[in-house]
Structure formats: structure tokens, C-alpha cells
Amino acid sequence: MIEMILHYDFMQRALIAGMIIGVISPMVGLFLVVRRLSLIADALSHVTLSGVAAGLLLQKQFPVFQSWNPLYMGMVFSLTASIFVDRLRHLYRSYQELAIPVILSGGIGLGVVLISAADGFSVDVAGYLFGSILAVGESELHVIIGVGILVTTVILLFYKELFALSFDEESAALSGIPRRSINILFNLVIALLITASIRVVGILLVSGLITLPVAASLQLASSFRQAMFWSIAFSQVSVLSGLAAAYYFDWSSGGTIVLVSVFILILVSSGKRLMHVVNRQIKSRTHSRHQEGSS
Amino acid sequence: MREIEICVKEELPDSGDFHMTKPVLRMEDVSFSYENQTVLEHIHLTLRAGEFLALVGPNGSGKSTLLKLVLGSLHPDSGNIFLFGSEPRQFREGSRIGYVSQKANSFNQDFPATVREVVASGLYGKLGLFRRMKQQHWERVNQAIEQVGLNDFADRNIGRLSGGQQQRVFIARALVSDPELLILDEPTVGVDAHSAEEFYKLLVHLHRQKGLSLLLVTHDIGAVTAYVDRIACLNRRLFFHGNGEDFSREKERILTDAYGHPIHVMDHRHEENVSS
Ligand SMILES: Nc1ncnc2c1ncn2[C@@H]1O[C@H](COP(=O)(O)OP(=O)(O)O)[C@@H](O)[C@H]1O
Ligand SMILES: [Mg+2]
């Protein structure tokens with residue numbers, strides 16, 4: 001496989017893109033999941049779809065935009081929506097999850113209208129919906145690298161603030177952590193991450209990549225650092241398997257990535273249960289032996 | 001309800017040496033209402049440095065609301081509040097106050113964090129943006145964990161501790177930034193009687209050893225009269241604000257006034273059940 005990668009440009013791009021996404025999506029995903037906001041990823045990805053559709057429409061109508069990657073338009077849309085999410089969460093303090101269906105249905109509605117208004121695109125919209133890692137182009141790789149650097153920097157710089165806010169938002173704010181600004185910054189990071197992941201897993205599966213490896217890591221981790229480590233590890237395994245499946249079997253990369261993540265989740269949780277049972281068996285056996293010995 | 005205000009004005013009966021020390025917290029004629037329900041009326045309250053004050057009152061009497069006013073997350077309709085001499089909303093030194101909320105125990109029990117990670121988060125606000133935890137900060141975290149007697153649990157997942165132990169984790173998180181004032185909102189709710197007793201002893205120890213000012217909200221009246229310097233009895237208005245002895249002497253009358261009906265307080269545990 002190494003030779004293939006060295007030989008083909010598209011494989012190099014796919015590998016770099018996959019590894020970057022495989023690191024940043026669980027990094028962001030862990031904070032999203034523990035704050036019980038994983039559905040925000042879903043909502044924003046649907047908005048990104050409408051952005052991409054708007055970008056494609058512009059390309060079709062105005063030749064000036066020919067050289068523009070429609071992903072940029074998707075990014076603009078999801079960044080805007082992420083600020084709306086924050087506003088809506090403020091508006092409905094005790095119905096924070098209400099922001100999600102509002103944004104999600106708004107996004108998909110607009111996307112579908114734009115696609116139908118354009119009367120079909122020459123580009124394959126399915127590539128955006130389900131991802132095609134082997135089709136990552138030069139300019140898209142640049143977007144992914146840029147986003148990768150930005151997201152990693154923000155998460156590392158604000159790790160302690162994000163942790164404190166995730167565990168207990170009220171206390172964190174009272175202890176002097178700038179809650180509003182950090183939350184807005186984090187929403188922007190989510191929007192960037194989603195835009196960058198679309199080529200790899202697709203709009204419909206982005207939230208799977210963001211949450212599934214985290215869900216598996218939660219089965220193993222007792223500390224936040226461990227959770228971070230395991231979710232990145234699981235995510236890398238999933239993304240690389242997706243890449244291999246796309247190359248060797250011509251399977252959908254997004255679909256494979258998410259299926260492998262689900263498989264890891266099942267493996268980890270049943271493995272954990274098995275360990276539990278085995279441990280109990282050993283304990284009870286040594287216990288009964290003790291009793292035999294003493295009687 | 002008979003409304004006899006016993007002691008609500010500034011000239012408080014002197015309860016020890018606190019008279020001379022600077023007030024950490026002062027509320028002057030504070031009133032507050034949610035949309036159309038008046039929750040607090042004409043509250044005068046002073047907490048001096050090094051003092052241990054218990055705020056008691058039935059459920060819905062406005063205790064948590066009073067704390068929110070003090071912490072600046074709500075704003076009074078009238079009257080003034082001074083926290084270390086400044087208005088709570090202007091107050092920017094959050095690390096001088098440790099706060100354990102009534103809801104502290106309702107966190108996500110499956111949260112992937114160890115005791116050490118949670119306690120450390122109490123330092124992050126003080127540390128400030130872009131500053132990393134250094135060796136001395138981690139030592140401070142270990143100290144705080146030791147103070148609440150959880151050394152053996154430092155690397156345990158917080159969800160795997162008992163309710164009483166979790167409560168102590170939150171005290172450690174509040175203490176780690178070396179606050180001058182510790183505010184606790186019903187910290188022993190949902191904790192068994194023995195752990196609650198241990199918990200009060202820990203508070204008294206911290207109070208004596210470090211000269212920490214304490215504001216403890218509770219409806220566990222029997223238990224606190226033994227430990228605190230002063231008691232304030234609240235039910236929309238303040239019905240008593242004075243020291244434990246005066247309180248004990250007139251307990252029946254004060255509580256009848258505040259609760260609206262006679263209640264029986266047994267010494268120490270198992271006091272009034274009527275409040276809930
Ligand atoms: N956010 C709120 N909006 C409207 N009313 C509230 C709110 N919080 C509390 N209240 C009301 O204010 C009163 C005092 O509540 P609270 O301060 O929580 O009492 P306590 O802490 O003494 O039990 C109660 O009657 C409660 O219903
Ligand atoms: Mg309360």
C-alpha cells in the first residue's frame with residue numbers, strides 16, 4: 001500500500017486528508033458529546049449542504065465563480081449557522097436542543113430548494129452527501145490542512161477552559177472563565193470541522209465520525225485525557241479502513257468509516273462486558289477456594 | 001403569617017470579634033422579584049471576614065435566589081450588594097469566592113474525568129487564558145484533594161464515588177483557588193446523616209484553620225446551630241440575623257414566624273421534615 005501512496009497523488013491527498021480529519025473530529029467530538037450537544041454537528045452539516053448547493057449554483061450561473069470551490073460557500077453558511085445556534089440556545093435556555101431541529105430543517109430545506117432551482121448540477125451531489133475520500137482535490141486538501149491546523153490550535157490553547165465549561169458551565173463561568181466567547185469560538189470550530197470533513201465522510205455521515213469513536217472511548221476511559229487518546233485512536237482506525245476499502249473494493253469511504261466506527265463501538269462495549277463477567281468469575285472462584293481452604 | 005422582624009438592621013448583636021473585621025459581603029435593603037413573584041424583601045445581611053454564617057429557611061424561601069444575587073447572576077430590583085466592596089456584576093475576581101451550587105451533584109455521572117481533573121478545573125479561571133498548569137499548580141490541586149480527605153481517590157473517575165465523596169470533590173474544586181469566601185447551597189442534600197456530620201466537621205476545620213469566611217445555605221437547622229457563628233433565618237424577609245445562642249433561646253418563636261407554623265427542631269440531626 002505504501003508504494004501505491006507514493007505513486008499516486010490522489011492517494012497521498014486522501015491519506016493526508018483522512019489522517020487530519022481522523023485527529024480533529026474526535027478532538028472536537030469529545031467536547032460535543034460530553035456537553036450532550038452532538039446533534040449540533042448534525043444540524044450544522046445540513047446547513048453546510050445548503051451552502052455547498054449555493055456555491056454550485058453560483059458556479060453554474062456566474063462564470064466568475066468557476067474557480068471557487070463550493071466548500072467555501074458551505075463554510076460561510078455553517079459559520080453563520082453556528083452563531084445562530086448560540087443565539088437560539090440563549091433564547092431557549094431550557095430547550096437548548098430546540099436549536100437543532102430549527103437549524104437542521106432550515107438547512108436541508110434551503111439546500112433542496114437551491115438544488116432544484118439549479119435544475120441539476122453537472123457535479124455529483126452524492127459525493128458531498130456520502131463523501132469520497134479518493135476524490136479530494138488539491139484545493140480541498142488546502143482547506144483541510146488549514147482547518148486542521150486551526151482546530152488543533154484552538155483546542156490545545158483552550159483545552160482547560162473547554163474542559164471546565166463542559167463539566168460544569170455555571171461554576172466555570174463564575175470562576176472567571178469567559179463562557180460566551182469560548183462557546184462562540186467552539187461553535188465556529190465545529191462549523192470549520194464539518195466543512196473540512198465533508199469530502200471524507202459526507203454531510204449525512206459527518207456526525208457519525210464525530211461521535212462514534214468518542215462513544216467507544218467513553219467505555220474505556222476514566223479520565224478526560226484517556227478519553228481523548230482513545231477517541232483519536234479509534235477514529236484513525238476507522239478513517240484508514242475507510243480509505244483502504246475505497247481503494248481496494250471501491251466502497252463508499254464515508255459509509256465504511258462509519259460502519260467501522262460502529263463495529264469498534266460494539267467490540268469495545270461487548271469486550272468490556274466480557275471482562276466484567278470474567279473478573280467476577282475469577283473473584284468468586286478464588287473466594288470459594290478460600291472458603292474450602294479454611295473449612 | 002405573623003410578620004415580626006426580630007433583627008434586620010445594621011446594628012447587629014455582636015457575636016465575637018467579627019465586629020471589627022471588614023465585611024466580605026453586605027446586603028443593604030435588597031429586594032428582588034421574578035416576573036411577578038416577590039421572592040426577597042428588604043434584606044439586610046452582613047458577613048464579616050472569618051465568619052461562619054448559616055442561612056436557613058423553608059423550601060422556596062428565596063435562599064438560592066439570594067445567592068444568585070450575591071454571585072451577580074441576578075440583579076436586585078432595589079437595594080445594594082457589596083461583595084468585597086464592589087457590586088457583584090462588576091466583581092471580576094471570581095477566584096476569591098468558592099461556590100458549590102445546589103445542583104453540583106446533578107452533573108453527568110458518566111463524565112470521563114478523574115477527581116484530580118475536576119478539582120484542577122477550579123483553578124482555570126484564576127490561571128487565566130493561555131496559561132498552562134505548572135508543577136506548583138498541580139501541587140496545589142493535590143493539597144486541596146488532601147484537605148477533603150480524598151487522596152486515595154485522586155485518579156478515580158468522579159462518577160464512581162459516593163454522593164458524599166462527590167460533594168467533597170466539589171468543595172476541593174472550590175477551595176483549590178484559595179478563596180476567601182466559600183458559599184455552599186444545601187451541600188448535604190442527598191447525603192446520608194453520617195457523611196453530613198463529617199462534612200460539617202470538615203467545614204468547621206477549614207473555617208478555623210484557614211480563617212475562611214463561610215456562607216452555608218441549608219434547611220438542616222438542628223445540625224448547624226452547633227457549628228456556626230451566626231444564623232440568618234429567611235422566608236422572603238429576614239426573620240432573624242444573630243448568633244447561635246440568641247437563636248437557640250428564641251428558636252421556637254423565630255421558626256414559627258419564618259416557617260409560618262410551629263416546627264419542632266431536634267438537636268442535631270433529624271429536624272423538621274415540614275420544610276420539604
Ligand atoms: N428562575 C426562576 N423564575 C421564576 N421563579 C423562580 C425562579 N427560581 C426560583 N423561583 C421561585 O422563587 C422562589 C424562591 O426560590 P429559591 O430561591 O430557589 O428558594 P430556596 O432556595 O430557598 O428553596 C420559589 O417560589 C421559586 O418558585
Ligand atoms: Mg435552593
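Order of the sequence lines sets the chain letters (A, B, ...), proteins ahead of strands, with each chain counted from 1. Note: hydrogens, waters and symmetry copies are ignored here, and every other heavy atom, side chains too, is used. Not measured: the values here are computed from a predicted model.
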**Q.** Part of residues 114-121 of chain B lying next to chain A, heavy-atom separation under 4.5 Å
**A.**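 Listed by number, the contacting residues are B:Thr114, B:Glu117, B:Val118, B:Ser121.
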Check whether more than 12 heavy atoms from other residues, nucleotides or ligands sit under 6.0 Å from atom [atom1] of [X], and answer yes or no.
| X | atom1 | answer |
| --- | --- | --- |
| A:Tyr159 | OH | yes |
| B:Arg96 | CZ | yes |
| A:Arg280 | CZ | no |

**Q.** From A:Ser166 atom OG to B:Phe111 atom CZ, the distance as rounded to the nearest 0.5 Å
**A.**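 Interatomic distance, A:Ser166 OG to B:Phe111 CZ, rounded to 0.5 Å: 5.0 Å.
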Looking at side-chain heavy atoms only, is the closest gap between [X] and [Y] below 4.5 Å?
| X | Y | answer |
| --- | --- | --- |
| B:Leu129 | A:Pro178 | yes |
| A:Ser222 | B:Arg156 | no |
| B:Pro112 | A:Val34 | yes |
| B:Phe170 | A:Ser171 | no |

Examine whether an atom of [X] lies under 4.5 Å from a heavy atom of chain A, and if so say whether it belongs to the side chain, the backbone or both; otherwise answer neither.
| X | result |
| --- | --- |
| B:Tyr124 | both |
| B:Leu127 | side chain |
| B:Ile97 | neither |
| B:Phe91 | neither |
| B:Arg173 | side chain |

Q: Identify which of A:Val33, A:Leu174, A:Leu30, A:Leu157 forms the greatest number of heavy-atom pairs closer than 4.5 Å to chain B.
A: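 Looking at each option in turn, the highest pair count goes to A:Leu174.
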Q | Closest contact, heavy atoms only, A:Lys160 versus B:Gly128 | A |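 The pair with the smallest heavy-atom distance is NZ-O, 2.8 Å.
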Q: Can you tell which part of A:Glu170 gets under 4.5 Å to a heavy atom of chain B, answering side chain, backbone, both or neither?
A: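 Contact with chain B is through the side chain of A:Glu170 alone.
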Q) Quick one: what part of A:Arg225 sits under 4.5 Å from any heavy atom of chain B, side chain, backbone, both or neither? A)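 For A:Arg225, the contact with chain B is made by backbone and side chain together.
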Q) Given the options B:Arg160, B:Arg131, B:Met133, which has more heavy-atom pairs under 4.5 Å with chain A than any of the others? A)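 Going by pairs under 4.5 Å, I would pick B:Arg131.
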(Q) Classify the ring geometry of A:Phe167 against B:Phe107: parallel below 30°, tilted from 30° to 60°, perpendicular beyond 60°. (A)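 It falls in the tilted class, 30° to 60°.
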